[in-house]
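Taking it in order: structure first as structure tokens, then the write-up.
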Amino acid sequence: MHAPPEPACLRIHVFRVEEGLGNACVLEFPDGSCGILDWGTQKKAPLEKALALARKELRFVCATHAHADHVLGIENLFQECARACITVKRFVYPASTLHKRSHLTRARLMARSLRIPCSSIGVNSFKAFPGEGMPPPLDFADDQSWDIRVLEPPLTTVADAEIDAFNRGEVPGNNTSMVVLFRFLRSPHELGQGRALLTGDATRKGLSFAQK
């Protein structure tokens, strides 16, 4: 008898970082491809593991927000991906404010020098036709069996946070943190069911918006 196929799954590789735990993750998708959600570490071992998992390509590198414990190592990650001939298909982040002291700004500059496409991302909270205001996809499977969407922050929240941060001479903080949802899209009778909610450092208000 043939063994039943293994259920499709999302594997989340979480690495200890300098400031705590959980701010450097490699997401390994059911098809074996990978994306990175935050990279707040400069340690060698997690980087080597991430490069090994990525093999030749990363679907995306995503910074949930600009705090150093979530983005400290992204600049170096991009450099090492280039040396290893690993393609980074896109770099995304929730707040577009540039700040000279920000590790996110330096990561963006490095991405630009390496010709990695960059973009801020958020939820359209203005009135829209049905379906047009839905949470934007961060990525999705070629066969449409799963997707990963950004549920938070609203673009209006980011705009206000950028102005407040600019006036204080700081980078935007936790109120701009992304909340990301991975979900399988197949029918209940097929393998590969379940969801994973990745919350960054979202505030209670941000989590409430994402829940809606």
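Scope of the values below: all heavy atoms of this structure, side chains included, with no hydrogens, waters or symmetry mates.
Linking ILVMFWY residues whenever their side-chain heavy atoms come closer than 4.5 Å, directly or via other members, leaves F166 and V171 in distinct clusters. Cluster membership check: M110 shares its hydrophobic cluster with L47, using side-chain heavy-atom separations under 4.5 Å among Ile, Leu, Val, Met, Phe, Trp and Tyr. V123 and V179 sit in two unconnected hydrophobic clusters of ILVMFWY residues. Membership requires side-chain heavy atoms under 4.5 Å apart, directly or through other members.
In this structure a side-chain-to-backbone donor-acceptor pair under 3.5 Å is missing from T199 to A202. Of the possible polar contacts, one joining the N124 side chain to the F126 backbone as a donor-acceptor pair under 3.5 Å is found. Remark: the backbone N or O of P94 is not paired with any side-chain donor or acceptor of S120 at under 3.5 angstrom. Between the side chain of T87 and the main chain of K89, no donor-acceptor pair closer than 3.5 Å is present. Judged purely by atom type and a 3.5 angstrom limit, H13 has no side-chain atom pairing as donor or acceptor with the backbone of E28. Side chain of R55 to main chain of G32: a donor-acceptor pair is present (N/O by atom type, distance under 3.5 Å, no hydrogens or angles).
The aromatic rings of F182 and F29 lie parallel to each other, their planes meeting at an angle below 30°, with 60° marking the opposite boundary.
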Take L58 and I36 through the side chain to side chain contact (heavy atoms under 4.5 Å, CB included) test and state the conclusion after the steps. CA-CA 7 Å; L58 283 169; I36 284 181; 3.9 Å; yes
D139 and D147: CA distance, side-chain angles, deciding distance, side chain to side chain contact (heavy atoms under 4.5 Å, CB included) verdict: CA-CA 6 Å; D139 214 329; D147 69 4; over 6 Å; no
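There is a side-chain donor-acceptor pair under 3.5 Å between N23 and D69.
Residues that satisfy the side-chain hydrogen bond (donor to acceptor under 3.5 Å, both in side chains) test with H103, not counting sequence neighbours, are R106.
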